[in-house]
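These notes are about the structure you will find just below.
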2 protein chains.
Amino acid sequence: MARAVSETHGEILAAAARRFAVTGYRGTSLQDIAREVGCSKATVLYHFANKEALLAELMAPAIAVLRDLDDQLTGLTGAAAQEAAAVGFVDLAVRFRREIALLRGEFPELLCQPAFAHIQQISERLRDALAGHSDRPGARITALVLLAGISEACAEFVDVPDDELRSALLTLVRRALEPVDAPLPQPPTTEDKDS
Amino acid sequence: MARAVSETHGEILAAAARRFAVTGYRGTSLQDIAREVGCSKATVLYHFANKEALLAELMAPAIAVLRDLDDQLTGLTGAAAQEAAAVGFVDLAVRFRREIALLRGEFPELLCQPAFAHIQQISERLRDALAGHSDRPGARITALVLLAGISEACAEFVDVPDDELRSALLTLVRRALEPVDAPLPQPPTTEDKDS
DNA sequence: TCAGGGGCTGACCGATCGGTCAGGCATGCT
DNA sequence: AGCATGCCTGACCGATCGGTCAGCCCCTGA
């Protein structure tokens with residue numbers, strides 16, 4: 001053994017991603033990951049401070065993109081916010097569907113961990129944007145249904161090609177979102193509506 | 001102490017429902033439930049054979065309704081199947097949102113338990129019906145997004161009145177479902193293959 | 001009065017969890 | 001040669017899990 005550190009590090013990361021996607025974060029033990037890599041549990045903990053650090057490194061790219069999306073959403077209102085949130089989140093969810101899959105319903109508890117402190121607020125802002133910043137219960141419910149449904153669908157349809165899944169989801173979201181009556185900075189230009 | 005058995009039985013059931021809804025099935029220990037009731041863990045296991053039996057009894061009413069819905073769906077095709085699935089599932093999800101909440105993403109592992117053997121097949125049939133029994137990926141993706149989203153929304157909006165939540169969800173589903181081209185109002189026992 | 005039984009409990013069990021630690025084993029630098 | 005460093009490991013730790021068991025308490029009915 002005694003391979004380059006980066007090599008084993010990456011192998012552990014990949015194995016963890018695979019196991020987490022199948023049995024979830026809590027449902028996967030460090031022993032499981034070590035077995036999949038072919039090393040000891042102590043080796044896993046040599047490369048990563050603890051189990052949470054392993055998850056954090058695994059989620060880092062997705063979180064970075066989520067932060068970018070959050071920045072892009074600031075200032076947008078009404079239909080513009082809805083469209084930006086829809087396109088941005090669908091793209092994010094499709095690209096990082098493996099990362100989303102491994103959170104499968106463990107969001108609430110995982111969010112309590114310091115590494116994911118801001119995600120809850122970001123996801124709430126995202127939901128708010130998708131609702132066109134409307135206070136109507138119908139709009140807020142629709143936004144949550146779509147966000148949760150998209151996440152679940154991306155985790156489920158792992159074998160569907162990226163672009164096919166993305167276009168299907170975007171079509172669905174645009175159809176499901178009721179237009180919000182908000183003052184747009186610019187009037188709704190003739191968007192490409194696929195009949 | 002030494003109350004009537006049915007009394008303690010019900011208290012444990014109620015406490016378990018409360019704890020499961022907050023921390024999930026796996027995230028709640030028998031000790032937690034016992035602490036909430038104010039009895040010992042052994043008492044919980046005196047009234048219920050094991051943790052799984054506790055969950056099974058908690059879910060029994062919801063599962064019974066789900067089975068009824070499954071029966072009502074058999075034979076329906078196209079838009080009729082979509083409408084029946086939508087109305088039936090929205091109503092079920094709203095009525096049993098506490099039961100749905102406590103499954104939060106633990107569906108996959110929980111379904112492996114014998115008490116929930118048939119639920120997976122039922123939910124697949126439900127998804128199929130909501131897709132109008134279409135094979136198109138777009139229709140199947142839409143159906144899954146809606147089913148998962150509705151479940152999550154019901155688990156989240158616990159404070160919204162039943163009828164308000166139900167009507168909002170139904171409006172959303174009807175808007176989100178693209179009409180399927182199946183003009184048969186009643187099934188003439190032919191295979192329902194579109195195009 | 002007293003035996004019997006239902007409700008309930010503390011103590012305990014084996015398994016598994018995340019995490020620690022001293023040390024083995026190469027390899028490379030001096 | 002001798003030492004240091006980095007990668008890795010088995011053994012072990014305390015905590016917690018679901019579950020078992022002998023036995024206590026109290027009510028009931030003969």
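Below, chains carry the letters A, B, ... as their sequence lines are ordered, and counting in each starts from 1.
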Whether each nucleotide of nucleotides 13-22 of chain D has a protein heavy atom under 4.0 Å at its base (B), only at its sugar-phosphate (S) or at neither (-) is summarised, 5' to 3', as ----SBBBB-
Please confirm whether the backbone N or O of A:G138 pairs with a side-chain atom of A:T142, one donor and one acceptor, at under 3.5 Å?
yes
Give me each pair satisfying salt bridge (Lys or Arg N to Asp or Glu O under 4.0 Å) with a member in residues 88-98 of chain A, each pair once, sequence neighbours excluded.
A:D91-A:R95, A:D91-A:R166, A:R97-A:D162
Hey, does the side chain of A:K41 reach the backbone of A:I33 with a donor-acceptor pair shorter than 3.5 angstrom?
no
For residues 124-131 of chain B, which side-chain N or O atoms pair as donor and acceptor with protein atoms under 3.5 Å away, sequence neighbours left out?
{"from": "B:R125", "atom 1": "NE", "to": "B:D70", "atom 2": "OD1", "distance (Å)": "3.0"}
{"from": "B:R125", "atom 1": "NE", "to": "B:D70", "atom 2": "OD2", "distance (Å)": "3.3"}
{"from": "B:R125", "atom 1": "NH2", "to": "B:D70", "atom 2": "OD2", "distance (Å)": "2.8"}
{"from": "B:D128", "atom 1": "OD2", "to": "B:H133", "atom 2": "ND1", "distance (Å)": "3.0"}

Output the distance between atom CG (B:L169) and atom CD1 (B:I150), rounded to the nearest 0.5 Å.
5.5 Å
Short side-chain N/O contact to C:dC8 OP1/OP2 from B:T8, under 4.0 Å
yes
Would one find a side-chain N or O of A:Y46 under 4.0 angstrom from OP1 or OP2 of D:dC7?
yes
May I have the step-by-step check of side-chain contact (heavy atoms from CB on, under 4.5 Å) for B:Y25 and B:L102, ending in yes or no?
CA-CA 6 Å; B:Y25 176 71; B:L102 64 85; 5.5 Å; no
Are any of B:T43's side-chain N or O atoms less than 4.0 Å away from OP1 or OP2 of C:dG7?
no
For a quick test of reading the model: is some side-chain N or O of A:H47 closer than 4.0 Å to OP1 or OP2 of D:dC8?
yes
